[in-house]
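Only this structure's heavy atoms are used, side chains among them; waters, hydrogens and symmetry mates stay out. The structure displayed is predicted, hence computed values, not measured ones.
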Amino acid sequence: MLPALILAAALASVSPIGAQPDPLDSAIRHFRSVESYRVTIRSTHDDGEEHIRYYYKKPGFVRMEFVRPHAGAVMIYSPDTGRVRLWPFGAGNFPELSLRPENSIIRSLSGMRVDHSDVGTLFENIRALREQGSTRMLGEETADGRTVLHLMVTGGEGLAVADVHSSELWLDAASQFPVKVISRDIHGAIIETVVMEALEIDGKLPEALFNP
């Protein structure tokens, strides 16, 4: 009897064949170790397109440099002040506005706030959908010579987080950052398609970048 019990315990400690770590949980854990990143964001909505050079530094500093629309505009959020500084014609140029992040004039075309725009917030929103919904793994793919993990997270019936009911996500297997996200509403209509390019993690971001 004893050898049988030992064998059963040993088998119980081994992961089932084919079992894989949850890629979303792994990506969230990895993001917690990241201090900063920069990326180029291209998003598409029914109302148009946005092209932004995006910089993030913990505990929540954000700088957005707009290429399209509003070419040249710069927006910086500081968690120290809880305010957004906006230069419509480039940082350091008149005028400079100080706004609260919930102000409608500085929300994205999809309604996103600058202080809720980082990858960590995206991951947490998707995880909230999953907690009362489901995850479907769609497999590995190759994009631009790199391996990406393709998955779909859908909220439970009637559930939406930040107006999103489902997120289709492509995660870079190496960086564990998203390279593409498609968000859909409760009716299945696409709210936004976001593509992230030229990612650099934990590169040097000078203080002056967030306080020009």
For this session: Group every Ile, Leu, Val, Met, Phe, Trp and Tyr by side-chain heavy-atom contacts under 4.5 Å, then state whether L138 and L169 land in the same group.
Result: no

For this session: State, without any angle test, whether S98 and R83 hold a side-chain donor-acceptor pair at a distance under 3.5 Å.
Result: yes

Exercise. Would you say I41 and V39 make side-chain contact, with heavy atoms under 4.5 Å?
Worked result: yes

For this session: Report yes if the side chains of P23 and M137 come closer than 4.5 Å at any heavy-atom pair, otherwise no.
Result: yes

Exercise. Between R68 and E49, does at least one N-O distance fall below 4.0 Å, as a salt bridge requires?
Worked result: yes

For this session: Run the salt-bridge test on K57 and E207 with the 4.0 Å N-O cut-off and return the result as yes or no.
Result: yes

Problem set entry | From CA spacing to verdict: side chain to side chain contact (heavy atoms under 4.5 Å, CB included), V153, L151 | CA-CA 7 Å; V153 177; L151 59 149; 4.1 Å; yes

Problem set entry | Rounded distance (nearest 0.5 Å) linking atom CG of L122 with atom CZ of F31 | 9.5 Å

Exercise. Can you find a heavy atom in the side chain of W170 that is under 4.5 Å from one in the side chain of P178?
Worked result: no

Exercise. Between the side chains of E50 and S43, is a donor N or O closer than 3.5 angstrom to an acceptor N or O?
Worked result: yes

Exercise. Is it true that Y37 and F177 have ring centroids separated by less than 6.0 Å?
Worked result: yes

For this session: Determine, stepwise, if the pair I106 / L99 fulfils side chain to side chain contact (heavy atoms under 4.5 Å, CB included).
Result: CA-CA 8 Å; I106 54 172; L99 304 167; 3.5 Å; yes

Exercise. Within a radius of less than 6.0 Å around CZ of R146, do more than 12 heavy atoms belonging to other residues, nucleotides or ligands occur?
Worked result: yes

Exercise. Is a side-chain donor-acceptor pair under 3.5 Å present for Y54 with S117?
Worked result: yes

Exercise. Between E168 and R184, is there a side-chain N and carboxylate O pair less than 4.0 Å apart?
Worked result: yes

For this session: Run the salt-bridge test on R85 and E96 with the 4.0 Å N-O cut-off and return the result as yes or no.
Result: yes

Exercise. Just checking, any donor-acceptor pair under 3.5 angstrom between side chains of E192 and T44?
Worked result: no

For this session: Answer yes or no: is there a side-chain heavy-atom contact under 4.5 Å between P212 and I76?
Result: yes

